[in-house]
*Asks:* 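I have a structure here, written as structure tokens, and I will follow up with some questions on it.
Quick caveat: nothing in here was measured; it's all calculated off a predicted structure. Chain letters run A, B, ... following the sequence lines, proteins first and then strands; every chain starts at 1.
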There are 2 protein chains.
Amino acid sequence: MATIADVAKHAGVSSSTVSYALSGKRSISGETRQRIEQAITELGYHPNAGARALAGKRSHIIALVVPLHTNVYVPTMMEIAIAVTMAARQYGYDVLLITNDEGPEGVRRVAGSGLADGVILMDVRLDDDRVPVLRAQGIPAALIGIPDDPHGLSCVDHDFAAAGALCADHLADLGHRDVAFIGYAAGVYQRHAGYAERTLNGFRDQAEQRDLRFLHRPCEGTYESTAGTLARILSDRPATTGFVVQNEGAIGPLLSLLRATGRTVPEDASVMAICPDQLAEQYAPRLTAVTGPPNELGSVAVEQVMARISAAADGAPQPEDGLLLLSPDLVVRESTAPAPRRRTDH
Amino acid sequence: MATIADVAKHAGVSSSTVSYALSGKRSISGETRQRIEQAITELGYHPNAGARALAGKRSHIIALVVPLHTNVYVPTMMEIAIAVTMAARQYGYDVLLITNDEGPEGVRRVAGSGLADGVILMDVRLDDDRVPVLRAQGIPAALIGIPDDPHGLSCVDHDFAAAGALCADHLADLGHRDVAFIGYAAGVYQRHAGYAERTLNGFRDQAEQRDLRFLHRPCEGTYESTAGTLARILSDRPATTGFVVQNEGAIGPLLSLLRATGRTVPEDASVMAICPDQLAEQYAPRLTAVTGPPNELGSVAVEQVMARISAAADGAPQPEDGLLLLSPDLVVRESTAPAPRRRTDH
DNA sequence: TTGTACGCGTTATCAG
DNA sequence: CTGATAACGCGTACAA
């Protein structure tokens with residue numbers, strides 16, 4: 001492999017000149033720049049990453065920590081990972097993939113060894129054991145998801161409250177009066193999982209605003225539990241015509257079950273989901289859904305780490321907080337329609 | 001950050017002793033080893049990755065090149081990526097994620113800069129433009145998938161011929177006599193895509209062996225094209241009772257269409273797929289399927305690059321070829337059953 | 001505008 | 001069994 005010294009010799013300049021020509025940190029005469037560039041291409045020179053990291057005190061690598069057994073919809077996860085990788089390249093950075101089976105130790109390892117200049121955490125839990133490590137070591141980081149105490153951290157996530165509100169609004173706009181919210185398993189709410197709670201609150205507030213009567217029912221996401229959940233909803237509130245589902249596992253069963261009880265979607269009942277578009281497209285009928293842009297999640301996280309990395313390098317103060325909530329979009333498809341005329345209207 | 005010199009001072013030894021204590025490349029007295037280990041934990045020392053790469057001429061990083069817009073089922077891709085990452089850790093290696101939008105240049109970049117010691121390519125096409133780069137630069141690599149000319153390369157893939165044969169055998173065992181193979185779009189076969197062709201050949205050979213009458217029909221994978229394909233099959237060979245599908249997009253439509261034509265699965269028609277288990281489980285009825293182990297694909301690829309990396313480091317000759325085909329498994333689920341008694345049997 | 005010289009933290013070679 | 005010391009290839013203050 002050619003070194004910078006080889007290039008320098010070949011171009012008849014000193015190696016520092018080559019270095020500056022590459023970094024652009026001082027002006028180079030057009031003529032020498034020519035010679036240098038030519039030498040570089042002729043020799044097929046690539047700066048050695050290790051030497052660069054050692055001398056420059058930056059590896060130009062960020063670590064992306066991905067969950068192993070994930071609650072997240074996998075294609076979405078992949079989309080984020082790819083978005084992160086491409087966004088990082090814009091900054092001249094590469095991405096190191098870390099699986100979460102290393103736990104907090106993995107974060108310490110890559111940051112402590114200078115392998116990575118910063119870290120992006122996916123699938124952040126409320127009480128995430130990696131967060132203390134970030135704080136203790138002052139590691140430049142961005143979190144996708146929001147932990148218990150986001151103080152002093154850069155976080156980005158979907159605006160789930162807004163997502164919930166969008167659902168309430170859409171159903172209200174269509175004239176539905178009795179709606180049900182089918183959510184995650186009860187345990188998820190009991191441990192106050194951020195996204196679940198925020199969605200529900202957003203939905204509740206807007207539902208009240210719009211004078212909707214609504215029921216919230218947790219659901220395991222299996223066929224059986226969905227059947228039980230739906231049965232209870234229909235017996236408690238037979239007039240229910242609108243359903244919001246935030247639980248991937250429950251969507252398929254719900255559609256089947258509604259059909260089985262003689263309700264056609266969307267004529268007799270409207271169903272909408274809070275889920276990735278890709279998933280919403282897979283059902284018949286295709287689902288009206290509320291979604292956030294996954295790749296934006298990735299690119300924003302990259303911006304956030306980059307800001308922290310350069311702040312750390314400049315000795316500048318770290319950006320204090322950075323809670324970014326990305327607005328979700330409503331995409332109307334075939335599973336929602338105006339509420340059926342009510343019996344009492346006849 | 002503590003350096004090896006700090007540790008040496010703290011333990012009252014020279015830095016080279018610390019280095020050897022860590023690498024184990026020469027024997028250290030039990031006592032000094034104690035002091036060194038204590039110093040390491042007390043100072044929270046992590047060897048600097050850049051310095052290590054520079055001095056040791058190895059980055060301890062492999063690059064994993066993932067496709068952007070993928071033909072592959074995404075969860076499978078993710079599973080492979082995670083398997084690669086975990087397998088690499090066993091060798092003390094980390095994984096750099098490279099998206100294929102950089103093209104062949106990306107491979108050159110990470111290998112040429114010494115950022116990565118080796119490369120794993122996913123979604124390898126027959127005429128893959130990254131392969132020439134590997135050859136020209138002599139980059140240690142492993143391919144997941146098999147290119148046109150695998151000469152001198154390490155490749156690993158599913159044994160699609162065996163997968164095809166398993167399908168033929170299973171249907172024959174169940175007493176089916178007329179079967180149809182619904183494959184990828186015609187273009188895929190016209191450009192002789194390896195996996196498609198190999199599957200079909202394996203299926204054809206075994207079908208002939210077992211005296212099956214069979215039809216191969218390409219299919220776009222949309223609802224409409226599947227409808228057309230099925231219609232033609234049923235008109236050409238009304239006696240068809242067994243279906244093999246190798247095309248994710250066609251599975252759902254096929255099941256719906258069979259139902260719509262009054263055929264229940266598996267009583268009237270058996271359907272089996274060549275697809276990941278995870279996908280097979282998603283349909284109703286759950287599909288009998290032939291699958292290869294995705295994580296093994298990842299770990300084998302890692303073994304292959306590692307062999308090449310250490311061969312390159314030792315100046316040893318590279319392992320010449322390394323074509324590994326992983327045997328697929330048949331998992332019988334609810335979508336296949338003995339062939340219905342034939343009308344002519346009455 | 002360009003060149004010189006030092007340091008970054010490890011590993012490997014040579015002595016002892 | 002252990003210690004000095006020279007690379008490794010690049011970035012950057014300092015000098016010209």
*Asks:* Report yes if a donor N or O on one partner sits less than 3.5 Å from an acceptor N or O on the other, where the partners are the side chain of A/R26 and the base of C/dT1; otherwise report no.
*Replies:*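 Under the 3.5 Å cut-off, the side chain and the base do not form any donor-acceptor pair.
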*Asks:* Report yes if a side-chain nitrogen or oxygen of A/T3 is closer than 4.0 Å to either non-bridging phosphate oxygen (OP1 or OP2) of D/dG9; otherwise report no.
*Replies:*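 No, A/T3 has no side-chain N/O under 4.0 Å of OP1/OP2 on D/dG9.
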*Asks:* Provide, to the nearest angstrom, the distance between the CD1 atom belonging to B/I4 and the P atom belonging to C/dT10.
*Replies:*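 That distance rounds to 5 Å.
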*Asks:* Round to the nearest Å and state the distance from B/R52 atom CZ to D/dC10 atom C1'.
*Replies:*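 About 20 Å, once rounded to whole Å.
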*Asks:* Closer to the 5' end of DNA chain D via nearest nucleotide, is it B/S16 or B/K57?
*Replies:*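 Residue closer to the 5' terminus by nearest nucleotide: B/S16.
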*Asks:* Could you tell me how far apart A/N48 (CG) and D/dG11 (C1') are, to the nearest whole angstrom?
*Replies:*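 Roughly 13 Å, once rounded to whole Å.
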*Asks:* Which atom pair, heavy atoms only, marks the closest approach of B/I61 to B/L115?
*Replies:*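 Closest approach of B/I61 to B/L115: CB-O, 3.5 Å.
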*Asks:* Determine the contact category for B/T32: base if any of its heavy atoms lies under 4.0 Å from a base atom, sugar-phosphate if only primed atoms, P, OP1 or OP2 are that close, otherwise nothing.
*Replies:*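 Since only primed, P, OP1 and OP2 atoms lie under 4.0 Å of B/T32, the category is sugar-phosphate.
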*Asks:* Check whether any side-chain N or O of A/K25 sits under 4.0 Å from OP1 or OP2 of D/dT12, and answer yes or no.
*Replies:*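 For D/dT12, OP1 or OP2 has a side-chain N or O of A/K25 closer than 4.0 Å.
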*Asks:* Between B/S23 and C/dT11, is there a contact of a side-chain N or O with OP1 or OP2 at under 4.0 Å?
*Replies:*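 Checking B/S23 against C/dT11: no side-chain N or O falls below 4.0 Å of OP1 or OP2.
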*Asks:* Taking all heavy atoms of B/P147 and all of B/L153, pick out the closest pair and write down the distance.
*Replies:*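 Answer, listing the atom of B/P147 first, then B/L153: CG-CD1, 4.3 Å.
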*Asks:* Rounded to whole Å, how long is the line connecting atom CZ of B/R35 with atom C1' of D/dC1?
*Replies:*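 These atoms are roughly 13 Å apart.
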*Asks:* Please report, rounded to the nearest Å, how far the C1' atom of D/dT2 is from the CZ atom of B/R33.
*Replies:*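 Distance check: B/R33 CZ to D/dT2 C1' gives 13 Å.
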*Asks:* Ignoring hydrogens, what is the shortest heavy-atom contact between A/V7 and A/I36? Give both atom names and the distance.
*Replies:*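 Reported closest heavy-atom pair: CG1-O, 4.2 Å.
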*Asks:* Among the nucleotides D/dG11, C/dT13, D/dC8, which one has an atom lying closest to any side-chain atom of B/Y20?
*Replies:*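 Nearest to the side-chain atoms of B/Y20, counting from C-beta on, is C/dT13.
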*Asks:* Hey, does A/S19 reach any base, or is it just sugar-phosphate, or nothing, if we go heavy atoms under 4.0 Å?
*Replies:*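 The residue A/S19 makes base contact.
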*Asks:* Name the closest nucleotide to the A/S27 side chain, picking from C/dT1, C/dC8, C/dT10.
*Replies:*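 Output: C/dT1.
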*Asks:* Tell me: CG of A/L22 to P of C/dT2, nearest whole Å?
*Replies:*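 That distance rounds to 14 Å.
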*Asks:* Can you measure B/D314 atom CG to C/dA12 atom P for me and round it to whole angstrom units?
*Replies:*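 To the nearest whole Å, that distance equals 12 Å.
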*Asks:* Looking at A/D123 and A/D128, what are the two nearest heavy atoms and their distance?
*Replies:*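 What the structure gives for the nearest pair is O-OD2, 4.1 Å.
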*Asks:* Would you indicate which nucleotide in C/dT2, C/dA12, C/dT10 comes nearest to any side-chain atom of A/T17?
*Replies:*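 The closest nucleotide is C/dT2.
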*Asks:* What is the distance, rounded to the nearest whole Å, between atom CD1 of A/I28 and atom C1' of D/dG11?
*Replies:*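 In whole Å, D/dG11 C1' lies 13 Å from A/I28 CD1.
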